[in-house]
A.B. asks: 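Once you've had a glance at the structure underneath, I'll fire off some questions.
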Amino acid sequence: MFLSDLVEETYMALVANKARSALTILGIVIGIASVIAMVAIGQGAKGNVEASVESIGSNLILIMPGAARGIGFQASAGRGSAQTLTQADADAIAAANVAKAVAPDLTRRYQVTAPGTNTNTSVIGTVSSYPEVRNVAIDQGSFITDQDVEGVNRVAVLGPTTRDDLFGTGADAIGQTIRINKVNFRVVGVTQSKGGSGFNNADDVIYIPISAAQRYLAGDAYVSTISIEAPSQAAMSDVQQQVTSLLLARHQISNPANADFSVLNQSDLVATASSVTNTFTVLLAAIAGISLLVGGIGIMNMMLTTVTERTREIGLRKAIGAQRQDITYQFLMEAVALTFSGGAFGILLGWLLSFVVTHFTSLPSAISLSSVLLAFGVSVAIGIAFGYYPALRASRLNPIDALRHE
């Protein structure tokens with residue numbers, strides 16, 4: 001049988017029952033679209049998280065209180081809970097001259113009020129080097145100065161989201177007074193927007209001198225994080241090792257495994273974020289892949305039904321000289337054509353779904369060529385896998401019995 005004849009026979013067979021063919025194709029379309037959209041959302045989230053981590057600073061090393069229990073996760077668990085790092089530790093690191101800049105901070109969430117309004121936000125007590133270390137830029141006014149820290153001045157720098165919540169969108173907040181934990185602070189600056197959402201919104205924060213945070217809010221000299229800017233990317237490992245040795249000596253800990261702090265560099269954070277989002281992407285793709293399996297079963301069901309309905313036709317073809325492989329190719333071609341068509345429409349629908357999700361929600365998405373090729377290849381493989389048995393069954397029919405079939 002020539003290829004042109006095979007294509008023509010496949011087309012005629014599929015259009016003979018348009019409704020059934022369309023419904024079978026729909027199962028594949030939904031499966032392919034789901035896989036592409038879920039992978040796109042996962043990849044987009046991965047890129048967004050990595051960009052967020054990289055935006056918090058350059059050549060950044062973070063020291064967190066509490067024992068390390070896995071890269072990345074103890075970082076968030078230690079904030080505001082363990083109290084194993086102090087202002088003296090940060091001062092010792094700065095005095096050692098192993099880093100370009102050192103910025104300790106004391107971070108907690110507080111209810112903050114302004115005349116007629118209030119909000120719950122993160123209050124970060126820190127020092128003048130924080131903007132350099134953590135890549136924070138000032139939009140209006142100024143940031144906390146060394147004089148503010150030394151004088152325990154009650155001044156505050158607002159993130160743009162906090163400014164909008166307390167004083168209105170785009171309002172001039174410089175010189176205004178806010179109240180944190182029943183203590184008045186004067187606004188001296190507003191930072192530029194960095195973006196974010198929920199509890200990770202870098203714009204929904206208030207910066208105050210760390211000395212004021214320790215005296216008026218925490219009542220202690222401990223710190224939540226010590227951020228360090230290494231001189232260069234190449235020096236990060238060396239700085240990390242020196243800082244670890246320094247803190248182990250200060251805390252009188254001989255065995256590094258018993259350290260009451262964890263030291264993470266930016267590469268660790270990016271690697272951890274990538275690992276988490278990759279797992280998330282695989283999980284989403286696996287869930288969406290179930291619909292592809294269901295679509296494949298639908299194809300097998302349709303092809304088995306078709307073989308039964310066309311038993312006399314198969315017998316007639318064999319009686320006039322058709323070989324077993326001709327019958328196999330014919331029905332296998334029909335199954336592949338169904339999945340091929342479903343794959344093409346599924347790619348278009350998956351791209352559309354990704355666009356809609358990105359446009360109407362805060363979830364980013366990024367369609368990659370590899371995910372499209374993988375989904376399309378899987379659809380064709382499903383057509384072959386689930387279409388082979390019905391095709392083989394059709395080719396094995398006895399022509400005499402087939403011609404007698406009612």
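Remember, it's a predicted structure, so these values are computed and weren't measured experimentally.
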A.B. asks: Apply side chain to side chain contact (heavy atoms under 4.5 Å, CB included) to the pair Ile208 and Arg154, showing each step before the final yes or no.
C.D. replies: CA-CA 7 Å; Ile208 64 175; Arg154 290 178 294 178; over 6 Å; no
A.B. asks: Could you report the tightest heavy-atom contact between Leu246 and Ala92, atom names first, then the distance?
C.D. replies: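 So the two residues come closest at CD2-O, 3.8 Å.
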A.B. asks: Can you find a pair of side-chain heavy atoms, one from Ile41 and one from Val357, that are under 4.5 Å apart?
C.D. replies: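 Yes - at least one pair of side-chain heavy atoms lies under 4.5 Å apart.
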A.B. asks: Within the side chain of Arg109, is there an N or O that forms a donor-acceptor pair under 3.5 Å with the backbone of Asn120?
C.D. replies: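 Looks like yes, one N/O pair under 3.5 Å.
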A.B. asks: Taking Val263's backbone N and O only, do any of them form a donor-acceptor pair with Gln240's side chain (distance below 3.5 Å, no angle check)?
C.D. replies: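 Yes, because the side chain of Gln240 sits within donor-acceptor range (under 3.5 Å) of the backbone of Val263.
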A.B. asks: Quick one: pull up CG in Leu283 and OG1 in Thr279 and give me the separation to the nearest 0.5 Å.
C.D. replies: 9.0 Å
A.B. asks: Is it the case that the side chain of Ser122 and the backbone of Val205 share a donor-acceptor pair, with hydrogens and angles ignored and the cut-off at 3.5 Å?
C.D. replies: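 Pair absent, no side-chain N/O of Ser122 close to backbone of Val205.
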A.B. asks: Indicate whether any N or O donor in one side chain lies under 3.5 Å from an N or O acceptor in the other, for Ser224 and Asp105.
C.D. replies: no
A.B. asks: Which heavy atom in Val223 sits nearest to a heavy atom in Thr86, and how many Å separate them?
C.D. replies: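 Val223 and Thr86 have their closest heavy atoms at CG2-O, 4.0 Å.
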A.B. asks: For the CG atom of Leu248 and the CD1 atom of Ile253, what is their distance to the nearest 0.5 Å?
C.D. replies: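 Rounded to the nearest 0.5 Å, the CG-CD1 separation comes to 6.0 Å.
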A.B. asks: When you compare the side chain of Val123 with that of Arg108, does any pair of heavy atoms fall below 4.5 Å?
C.D. replies: no
A.B. asks: So how far is it from Phe185 CZ to Arg179 CZ, rounded to the nearest 0.5 Å?
C.D. replies: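 It comes to 10.5 Å.
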A.B. asks: Just wondering, do Ile144 and Val188 contact through their side chains at under 4.5 Å, heavy atoms?
C.D. replies: no
A.B. asks: Show, in sequence, the C-alpha distance, side-chain angles and deciding distance for Val190 and Asp172, and conclude whether the side chain to side chain contact (heavy atoms under 4.5 Å, CB included) test is met.
C.D. replies: CA-CA 9 Å; Val190 178; Asp172 182 10; over 6 Å; no
A.B. asks: If you count heavy atoms of other groups shown closer than 6.0 angstrom to CD of Gln111, is the number above 12?
C.D. replies: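 It does: Gln111 CD has more than 12 such atoms within range.
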A.B. asks: Taking only residues two or more places apart in sequence, or in another chain, which ones meet Phe345 in a ring pair (Phe, Tyr, Trp, His ring centres under 6.0 Å)?
C.D. replies: none
A.B. asks: Using 0.5 Å steps for rounding, measure from the CD1 atom of Ile93 to the CD atom of Gln242.
C.D. replies: 11.5 Å
A.B. asks: Should the heavy atoms of other residues, nucleotides or ligands under 6.0 Å from CD of Gln192 be counted, would the total exceed 12?
C.D. replies: yes
A.B. asks: When you look at OH of Tyr388, are more than 12 heavy atoms from neighbouring residues, nucleotides or ligands closer to it than 6.0 Å?
C.D. replies: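 Open: at most 12 neighbouring heavy atoms sit under 6.0 Å from OH of Tyr388.
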A.B. asks: I'd like to know if the side chain of Thr145 pairs up with that of Asp148 as donor and acceptor (distance under 3.5 Å, no hydrogens or angles considered).
C.D. replies: yes
A.B. asks: Using the salt bridge (Lys or Arg N to Asp or Glu O under 4.0 Å) criterion, which residues pair with Arg20? Sequence neighbours excluded.
C.D. replies: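 If we apply the salt bridge (Lys or Arg N to Asp or Glu O under 4.0 Å) test to Arg20, skipping adjacent residues, the hits are Glu309.
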A.B. asks: Keeping the roles fixed (side chain from Thr126, backbone from Pro104), state whether a donor-acceptor pair exists under 3.5 Å.
C.D. replies: yes
A.B. asks: I'd like to know if the side chain of Asn59 and the backbone of Glu229 have a donor-acceptor N/O pair within less than 3.5 Å.
C.D. replies: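 No, the answer is negative, given that no donor and acceptor are paired below the 3.5 Å cut-off.
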A.B. asks: Would you find a donor on one side and an acceptor on the other, under 3.5 Å apart, between the side chain of Ser129 and the backbone of Val102?
C.D. replies: yes
A.B. asks: Give a yes or no answer on whether the side chain of Thr169 reaches the backbone of Asp164 with a donor-acceptor pair at less than 3.5 Å.
C.D. replies: no
A.B. asks: Checking side chain to side chain contact (heavy atoms under 4.5 Å, CB included) for the pair Val152/Tyr216: CA distance, chi angles, key distance, verdict?
C.D. replies: CA-CA 9 Å; Val152 198; Tyr216 298 115; 3.9 Å; yes
A.B. asks: For side chain to side chain contact (heavy atoms under 4.5 Å, CB included), just list the numbers for Val133 and Ile228, CA-CA rounded to whole Å, side-chain angles, deciding distance to a tenth of an Å, and then say yes or no.
C.D. replies: CA-CA 7 Å; Val133 179; Ile228 300 173; 5.9 Å; no
A.B. asks: Quick check: closest heavy atoms across Leu158 and Ile178, and the distance to 0.1 Å?
C.D. replies: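 It is CD2-CD1, 3.9 Å.
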A.B. asks: Starting at NZ of Lys18, measure out to CG of Leu23 and round the result to the nearest 0.5 Å.
C.D. replies: 13.5 Å
A.B. asks: Check whether any side-chain heavy atom of Val187 lies under 4.5 Å from a side-chain heavy atom of Leu166, and answer yes or no.
C.D. replies: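 No, side chains not in contact.
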A.B. asks: Looking only at non-hydrogen atoms, find the nearest pair between Gly387 and Leu332 and report the distance.
C.D. replies: C-CD1, 3.8 Å
A.B. asks: On the 0 to 90° scale, with breaks at 30° and 60°, tag the Tyr130-Tyr207 ring pair as parallel, tilted or perpendicular.
C.D. replies: tilted
A.B. asks: Counting only N and O atoms by type, is there a donor-acceptor contact under 3.5 Å from the side chain of Asn181 to the main-chain atoms of Val183?
C.D. replies: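 The answer is no, because no donor-acceptor pair under 3.5 Å joins these two groups.
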A.B. asks: If you compare all heavy atoms of Lys194 against all heavy atoms of Ala202, which two are closest, and at what distance to 0.1 Å?
C.D. replies: CB-CB, 4.1 Å
A.B. asks: Not counting sequence neighbours, list each pair that qualifies as a ring-ring contact (aromatic ring centres under 6.0 Å, His included) and has a residue in residues 144-179.
C.D. replies: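 Listed by first then second residue: nothing to list.
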A.B. asks: Please report the shortest heavy-atom distance between Met302 and Ser21, naming the atom on each side.
C.D. replies: CE-OG, 3.5 Å
A.B. asks: Mind checking the CG-CZ spacing from Asp89 to Arg250? Nearest 0.5 Å is all I need.
C.D. replies: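 If we round to the nearest 0.5 Å, Asp89:CG and Arg250:CZ are 4.5 Å apart.
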